[in-house]
There are 2 protein chains.
Amino acid sequence: MARSRLGALVVTDPANLYYLTGYNAWSFYVPQCLVVPAAGEPQLFMREMDAQGAHYTAYLPTELVHGYPEDLVHRPDRHPMSWIVRRAVEVGVLADRPGVRIGVEADAPYFSVRGYQALADGLVRAELVDSRELVNWVRVVKSPLEQDKLRVAGEIAQVVMQVAIDHVEPGRRQCDVVAQIQYAQTLGARKLGGDYPAIVPMLPTGETAGTPHLTWSDLPLRSGEATTIELAGVYDRYHVPLARTVSLGPPTAELARCAEAVTEGVQAALAQLRPGSTGHLVQEAFAESVGRSGYVKRSRVGYSIGIGYPPDWGERTISLRQGDLTVIQPGMAFHLILGMWMDGWGYELSEPVLVGPEGAERLAPLPQELFVKT
Amino acid sequence: MARSRLGALVVTDPANLYYLTGYNAWSFYVPQCLVVPAAGEPQLFMREMDAQGAHYTAYLPTELVHGYPEDLVHRPDRHPMSWIVRRAVEVGVLADRPGVRIGVEADAPYFSVRGYQALADGLVRAELVDSRELVNWVRVVKSPLEQDKLRVAGEIAQVVMQVAIDHVEPGRRQCDVVAQIQYAQTLGARKLGGDYPAIVPMLPTGETAGTPHLTWSDLPLRSGEATTIELAGVYDRYHVPLARTVSLGPPTAELARCAEAVTEGVQAALAQLRPGSTGHLVQEAFAESVGRSGYVKRSRVGYSIGIGYPPDWGERTISLRQGDLTVIQPGMAFHLILGMWMDGWGYELSEPVLVGPEGAERLAPLPQELFVKT
């Protein structure tokens with residue numbers, strides 16, 4: 001904050017709220033924020049019914065949590081953020097003075113345009129500036145405690161993917177497989193319960209496997225088709241995403257060749273995912289390797305992971321792609337995701353990793369291959 | 001749009017995209033929108049990897065779907081919305097002329113401040129105005145097909161709540177119960193598969209039942225405590241939320257008295273939930289009824305439901321509360337939710353309903369009572 005010359009930061013991203021205060025509830029569908037002043041204690045502002053119980057999860061004392069009246073919820077003519085800005089100025093965490101710069105998360109989900117405008121209207125002298133994912137960047141290097149939570153999440157991810165692979169069978173409905181996946185996700189592993197993922201399981205199948213981000217239907221899986229499965233293991237909001245592909249019956253020659261090239265490519269990328277390297281070099285290692293088999297992947301090959309809330313389990317910081325010069329450090333975690341979305345078919349393989357002093361620690365070390373069920 | 005004198009509307013809310021085009025994928029964590037011109041065909045703008053397959057779910061022909069380059073994703077220095085506005089002007093769905101008003105969903109999730117600013121910067125002559133949930137309001141009255149989807153979702157909700165009640169037992173972990181809930185949610189009912197809910201199951205228990213919106217932990221449920229359960233049955237994105245409370249062991253006198261008052265109150269409110277009534281009258285009926293037992297509920301007693309995507313299964317239109325003069329019509333659907341969040345305990349009961357010519361049709365007619373397990 002000092003480097004950005006900010007007098008205060010208004011944090012709205014639920015992942016950043018959790019990181020900074022421990023606050024954890026599904027209340028982000030209405031406006032809420034943490035105001036972090038350059039000096040002094042941060043204070044939480046939220047809906048009255050949520051403020052009552054914020055202390056069950058947040059470390060903040062009750063007097064630093066403020067609840068706005070219920071009748072401000074979902075009104076076309078007034079906005080909770082107008083109340084919040086007045087109260088924040090009143091209690092001294094926001095200063096409305098010329099020359100004061102106040103950071104806002106301008107690209108975060110759930111901080112709406114109306115919320116921003118209400119904040120701007122309430123601050124006639126101070127200036128609002130985009131904080132540019134300031135807290136997200138602080139989150140990028142994980143503490144030892146966070147690393148352990150990621151390891152638990154990784155164990156869950158591995159257990160869950162095995163359940164998914166076991167249940168992908170001809171004639172079984174997509175939703176039946178997802179039901180098993182979700183059951184296992186929430187049960188957890190090692191006696192530790194699982195948490196909800198920021199993204200639901202995705203399993204495009206057959207022709208639609210050429211498209212990412214499709215969820216599921218109640219149609220049956222069919223012999224001769226491949227299904228790409230992307231899911232996450234989650235523990236205390238820490239996410240370890242994982243992707244594999246299952247072929248029901250022998251794969252087409254095209255799919256088998258692609259899978260082989262990607263397995264080689266992922267090994268090249270993993271070797272490059274070590275302290276001192278850059279996002280660019282990791283991408284290049286993969287591109288060079290699969291390029292030898294004639295494949296080109298235009299999208300990024302991975303991104304930074306950690307705490308996640310819907311709609312995204314990525315941190316929106318480092319992307320492993322061309323031109324990314326971020327230097328990789330111990331304590332960073334990534335989802336190296338190699339999705340090849342072709343016309344009418346697809347292949348996905350991923351490796352979630354934690355970067356240690358020596359290189360990448362695989363968090364869910366399943367075989368790096370196309371799973372073929374015959 | 002004519003009434004609001006809009007030259008075009010930029011739709012970003014995933015529920016509105018689904019309603020208008022059928023497009024359905026978990027791609028809303030990056031910018032995407034449908035531009036609806038006052039005359040002519042609407043066109044979709046999204047990430048390149050998603051645009052490839054948008055036709056699997058959306059009714060739009062391929063040439064009306066535009067994909068922005070992958071390297072625009074998660075960049076601090078450029079934004080996909082700048083590309084989108086240029087392309088939308090180029091293909092003629094947005095006109096950048098003085099006097100043209102372009103509606104935007106200023107309070108929708110996933111339409112970020114940066115997205116708005118990029119849109120505004122790309123339109124130097126036209127004016128951006130808040131559309132004020134224009135499409136959400138169109139969605140409020142359901143067609144016969146939509147009503148049937150809600151009925152299926154209601155059946156799922158009822159099945160799932162029964163599973164939840166059956167599994168709430170002393171010593172069982174909260175996450176074990178949620179695993180069963182999610183399994184049943186996705187399995188569906190009547191051979192029709194379930195879809196993912198916009199909000200995960202919430203089950204605050206014991207002391208924390210005094211707070212809404214807490215999700216779950218891996219702590220065991222305990223005798224002598226009550227758990228409030230709020231979940232949804234979902235079919236094809238149509239949501240029927242449902243809440244009940246389970247007491248493990250005999251309830252306290254306080255909880256039993258509250259439950260009784262709320263059961264009476266919900267019947268009074270249901271009787272008022274009929275064509276020609278208003279949101280205000282429904283709230284008043286409940287308030288008067290529970291007021292006779294000395295209870296006061298400050299928050300709204302319900303809201304309009306239908307299509308839902310995270311983070312909310314409500315439509316953000318009608319709230320059943322003081323001052324709401326919206327006239328209730330056949331085809332509207334509501335979640336009448338009576339949450340009493342007290343200091344250290346809580347009680348929740350809800351009724352999802354579809355309004356017919358004669359009044360409220362209960363979509364998940366479970367007994368309206370506190371479930372006591374001894």
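For the numbers below, each heavy atom of this structure counts, side chains included, while hydrogens, waters and symmetry mates do not.
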Looking only at heavy atoms and a cut-off of under 4.5 Å, which of [options] has the most pairs with chain A?
options	value
B/Gln117, B/Gln174, B/Gln180	B/Gln180
B/Asp50, B/Asp176, B/Asp195, B/Val178	B/Asp50
B/Pro310, B/Pro212, B/Pro109	B/Pro212
B/Gly115, B/Gly194, B/Ala54	B/Gly194

Interchain contact, [X] with chain B, by part (heavy-atom threshold 4.5 Å):
X	answer
A/Thr215	side chain
A/Asp77	backbone
A/Met49	both
A/Arg132	side chain
A/Gln322	backbone
A/Ser217	neither
A/Ala198	backbone
A/Arg75	both
A/Glu48	side chain
A/Phe111	both
A/Val73	both
A/Asp343	neither
A/Leu192	both
A/Asp130	side chain

What part of [X] lies closer than 4.5 angstrom to a heavy atom of chain A: side chain, backbone, both or neither?
X	result
B/Arg321	side chain
B/Asp71	backbone
B/Ala51	neither

Among A/Thr317, A/Asp236, A/Asp324, A/Leu187, residue most engaged with chain B (heavy-atom pairs, under 4.5 Å):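 Max contact count across the listed options: A/Leu187.
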Let's test your reading of the structure: which of A/Glu105, A/Gln185, A/His79 forms the most heavy-atom pairs below 4.5 Å with chain B?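 The candidate making the most pairs under 4.5 Å is A/His79.
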Determine the minimum heavy-atom distance between [X] and [Y], stating which atoms define it.
X	Y	result
A/Ser112	B/Asp107	OG-OD1, 2.5 Å
B/Tyr183	A/Ala179	CD1-O, 3.4 Å
A/Arg300	B/Arg47	NE-NH2, 4.1 Å
B/Cys175	A/Gly193	SG-CA, 3.7 Å
B/Val113	A/Tyr116	CG2-CB, 3.5 Å

Would you give the length of the straight line joining atom [atom1] of [X] to atom [atom2] of [Y], rounded to the nearest 0.5 angstrom?
X	Y	atom1	atom2	result
A/Met202	B/Ser27	CE	OG	10.0 Å
B/His74	A/Ser304	NE2	OG	11.5 Å
A/Ile181	B/Gln182	CD1	CD	12.0 Å

Below 4.5 Å, heavy atoms only, C-beta onward: do A/Asp218 and B/Lys191 meet side chain to side chain?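 No - every pair of side-chain heavy atoms lies 4.5 Å or more apart.
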Polar side-chain atom of B/Tyr56 near backbone of A/Glu207 as donor-acceptor pair, under 3.5 Å: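 Between the backbone of A/Glu207 and the side chain of B/Tyr56 there is a qualifying donor-acceptor contact (under 3.5 Å).
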Worked verdict on A/Tyr110 versus B/Tyr110 for ring pair (Phe, Tyr, Trp, His ring centres under 6.0 Å): CA-CA 7 Å; A/Tyr110 318 133; B/Tyr110 318 132; 5.8 Å; yes
Does a side chain donor of either B/Thr211 or A/Gln52 reach within less than 3.5 Å of an acceptor in the other side chain? no
Would you sort out whether B/Thr186 and A/Arg173 count as a side-chain contact (heavy atoms from CB on, under 4.5 Å), showing the intermediate values? CA-CA 11 Å; B/Thr186 305; A/Arg173 301 179 308 169; over 6 Å; no
I would like to know whether B/Trp26 and A/Leu214 meet side-chain contact (heavy atoms from CB on, under 4.5 Å); could you show each step before the answer? CA-CA 6 Å; B/Trp26 196 291; A/Leu214 294 180; over 6 Å; no
Where does the angle between the aromatic ring planes of A/Tyr29 and B/His213 fall among parallel (under 30°), tilted (30 to 60°) and perpendicular (over 60°)? perpendicular
